[in-house]
Peer 1: 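Right, I'll just put the structure down here and ask away after.
Each chain gets a letter, A, B and so on, in the order the sequences are listed, and its residues count up from 1.
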2 protein chains.
Amino acid sequence: MKKKTTIYDIAKKLDITAATVSRALNDNPKISVATRKLVLETAREMNYEQNRLAKALKSGKSYNVGVVVPRINTNFFGSVIRGIEETLYPEGYHIIICQSHDDERIETSNINSLLNLQVDGILMSIPNIQRDNDDLYNSVLKENIPLIFFDRRKDINGVSSVTIDDFKGAYEATQHLIDQGYKRIAHISNDRRLQIFNNRYLGYKQAVIDNGLEFNENLVIEAFSKVEEGRRVAKTFLEMDNPPDGIFSASDFSALGAIKEIKDHGLRVPEDMGVIGFSNEPFTELMELSITSVDQSPIEMGKLAAEVFLEEVNNSKNIRSQKKVVLDPQLIIRQSSLREAIPIKNDQAI
Amino acid sequence: MKKKTTIYDIAKKLDITAATVSRALNDNPKISVATRKLVLETAREMNYEQNRLAKALKSGKSYNVGVVVPRINTNFFGSVIRGIEETLYPEGYHIIICQSHDDERIETSNINSLLNLQVDGILMSIPNIQRDNDDLYNSVLKENIPLIFFDRRKDINGVSSVTIDDFKGAYEATQHLIDQGYKRIAHISNDRRLQIFNNRYLGYKQAVIDNGLEFNENLVIEAFSKVEEGRRVAKTFLEMDNPPDGIFSASDFSALGAIKEIKDHGLRVPEDMGVIGFSNEPFTELMELSITSVDQSPIEMGKLAAEVFLEEVNNSKNIRSQKKVVLDPQLIIRQSSLREAIPIKNDQAI
DNA sequence: CTGTTAGCGCGTTCAC
DNA sequence: GTGAACGCGCTAACAG
């Protein structure tokens, strides 16, 4: 274990006191230019590096931020974290990752553990199935450390959030289907206790109503974000007496499942049925029949969440801001919803 | 800022000394059962939590491990990190993530930064394009903290690694193509200064030779792991006087590009040409024409890397182990290489 | 068994 | 401007 050089080492060498070295290193105004220069030079010579643990213990600020996500190996969360890391690393912060596995108890453990590490902030998406962890979130606020939700948020007094406008994304997707001539639009939903899914549902519903179409609750079925689930729901739709001719899904995976099922039933996409997913997962672009989807710009979302954190941590510590940043979703039009041979407006379509 | 209870608080309350409290909390043998019980109880009452920063400062052990990957938002790296986190979190460790962006200078910054945080170990994949950062890796070893490479490794004295057997994976993929009746197998390679790609190349080559086929260097072309790159290389292959009828690609993305290009040339996959990728990216399974690929079991790889770290950190600190764990790759046979209507042996195929 | 003391590395009073 | 002294929270060494 090679010993690191401390401020004492360089103090001894220069025959001054450690306090002076500390001041020189921290740009303290009351110090002579000469000694500062001297200290900085010898610090470099001796490969001095500040011990961040000691500083953290002393100051209470660790320059670490905690990030809690249900799981890390999905394109969406991975990309958000990427955005967070890229914004915070240049500012001297490090990212500590925890996975909640959509489990409230693990989430509680994660957050307590992060608090104990004296993280300077926590950025997170709440678990999928969660009843009431408000006390937990409030305990973070009580410690006066910024808490920021991204994507899967919840209304908590004092907690900022960065999301996309799910309502708008869903509305535009549904509108696009209607514009393409589909007359009877169904919706594959997901657990609507989560705001994001409820908002997508509401956006869909509003678009249907605004276009003078009949809103039918039977055309809305919840499903997990899985291919098989999409198949299951599509099967139900197809076996109806009066089946839909368009599907807006709150998930790309269930959208894909729906497409597979539709084809297996001998129908064509997009000729007979139009399908749109949500999230713009990489595979939606790669498919032979590319899938129209709503992009959530996750990297951007991560960057913004990080920026909100930086604002909160740098500004007045006492005023809880509770900022709400809402990103614009972007409909990426691809083959699965393009029945009409209209010119493609969106240059991001293939 | 609500003050946390420290061992002093509980010492004062019990009218004993902080050292005793510390001993009680740390299962020190020389302490009476009575006081231990008393301490533990009041600790719980007062919601005491050990300050890990103070402990780290004192002990030099932070219970943090650093993970450095080129980028986090890919299925492979995300899954490895997932495996690492799931293994280390129950042991009380936290994961600090850094992205090197395949840049040596950022990598250097990452590692120095992690050392400064006094991480107890560093788990990483080396950057794609890298000349010689051996000094950097050795500086980690000099501090006597475990360094473990996963996937993208390099031979460094004292550094353990967890990889899959790329040679074997490539060999089996190529063999499978030959077994399916393809006679002239080409290879889309990648930067072979990286061991993984060189080993895939060697495995391919050996399989070709072992089967008595002609090995032709012209049938090996390097490409980045991108769809367009796969198209480019496939185009070159198809325009040859004597084009190949099978392609083993070191990447799923270039394999997909190749398939798209082949189809655009009016040929069929797998009837006219067989294609196999590498990594078992999620999309390979989802495609309408599902793609045969080599699975690298990334989550397992992460778990093993974490276990190797735990061994090294728990065992004798002075002996550098340099363990080499090699995982078995698994060929996932799907449609893109299945010309013969043979029964599918692999139950993981669709 | 338990109390006392000291130190991990740093920043920050308070004097001078 | 600079030095001396202290404390962040915890643990290890030495007493007793």
Peer 1: Run the numbers on B:H94 and B:Y89 for ring pair (Phe, Tyr, Trp, His ring centres under 6.0 Å), then give the verdict.
Peer 2: CA-CA 6 Å; B:H94 284 270; B:Y89 187 79; 5.7 Å; yes
Peer 1: Mind calculating the distance between CG (A:D27) and C1' (C:dG11) to the nearest angstrom?
Peer 2: 14 Å
Peer 1: Which one, C:dC10, D:dC10, D:dT2, comes nearest to the side chain of A:T20?
Peer 2: D:dT2
Peer 1: Assign B:S22 to base, sugar-phosphate, or nothing according to its heavy-atom contacts below 4.0 angstrom with the strands shown.
Peer 2: base
Peer 1: Verify the distance criterion only: is there a donor paired with an acceptor across the side chains of A:N73 and B:R82 at less than 3.5 Å?
Peer 2: yes
Peer 1: Which part of the nucleic acid does A:S59 contact within heavy-atom distance under 4.0 Å: base, sugar-phosphate only, or nothing?
Peer 2: nothing
Peer 1: Going by modelled atom types, is there a donor-acceptor pair between the base of D:dG9 and the side chain of B:K4 at under 3.5 Å?
Peer 2: no
Peer 1: Output the rounded distance in Å from NZ (A:K12) to C1' (D:dG3).
Peer 2: 17 Å
Peer 1: Please work out if A:I31 contacts a base, only the sugar-phosphate, or nothing of the nucleic acid, heavy-atom cut-off 4.0 Å.
Peer 2: sugar-phosphate
Peer 1: Mind calculating the distance between CG (B:L53) and C1' (D:dG7) to the nearest angstrom?
Peer 2: 15 Å
Peer 1: Counting only side-chain N and O atoms of B:N26, is one of them less than 4.0 Å from OP1 or OP2 of D:dT11?
Peer 2: yes
Peer 1: Just N and O in the side chain of B:Y48: are any of them under 4.0 Å from OP1 or OP2 of D:dC10?
Peer 2: yes
Peer 1: Which label fits B:F309 and B:Y93: parallel for a plane angle under 30°, tilted from 30 to 60°, or perpendicular past 60°?
Peer 2: perpendicular
Peer 1: Quick check for you: among D:dT2, D:dG9, D:dC10, whose closest atom lies nearest to any side-chain atom of B:K55?
Peer 2: D:dC10
Peer 1: Can A:T17 and A:T20 be counted as having a side-chain donor-acceptor contact under 3.5 angstrom?
Peer 2: no
Peer 1: Give the rounded distance in Å between these two atoms: NZ of B:K58 and P of D:dG7.
Peer 2: 17 Å
Peer 1: What integer distance in Å separates B:N28:CG from D:dA12:P?
Peer 2: 8 Å
Peer 1: C:dT4 P sits how many Å from B:I7 CD1, rounded?
Peer 2: 14 Å
Peer 1: Can B:S160 and B:E312 be counted as having a side-chain donor-acceptor contact under 3.5 angstrom?
Peer 2: yes
Peer 1: What I want to check is whether an N or O donor and acceptor connect the side chain of B:R23 with the base of C:dG3 at under 3.5 Å.
Peer 2: yes
Peer 1: Are OP1 or OP2 of D:dT2 and a side-chain N or O of A:T17 less than 4.0 angstrom apart?
Peer 2: no
Peer 1: Does C:dC8 have OP1 or OP2 under 4.0 Å away from a side-chain N or O of A:T6?
Peer 2: no
Peer 1: Within this structure, what is the CG-to-P distance between B:D9 and D:dG7, rounded to whole angstrom?
Peer 2: 15 Å
Peer 1: Between B:I16 (CD1) and D:dG16 (P), how many Å, whole number?
Peer 2: 21 Å
Peer 1: Show your working on salt bridge (charged side-chain N to carboxylate O under 4.0 Å, His left out) between B:D135 and B:K142 and close with a plain yes or no.
Peer 2: CA-CA 10 Å; B:D135 287 349; B:K142 239 171 245 160; over 6 Å; no
Peer 1: Assign each of B:Q50 and B:K30 to its nearest nucleotide of DNA chain D by heavy atoms, then name whichever residue's nucleotide is nearer the 5' end.
Peer 2: B:Q50
Peer 1: For A:A18 and B:P29, find the nucleotide of DNA chain C closest to each by heavy atoms; which residue's nucleotide sits nearer the 5' end?
Peer 2: B:P29
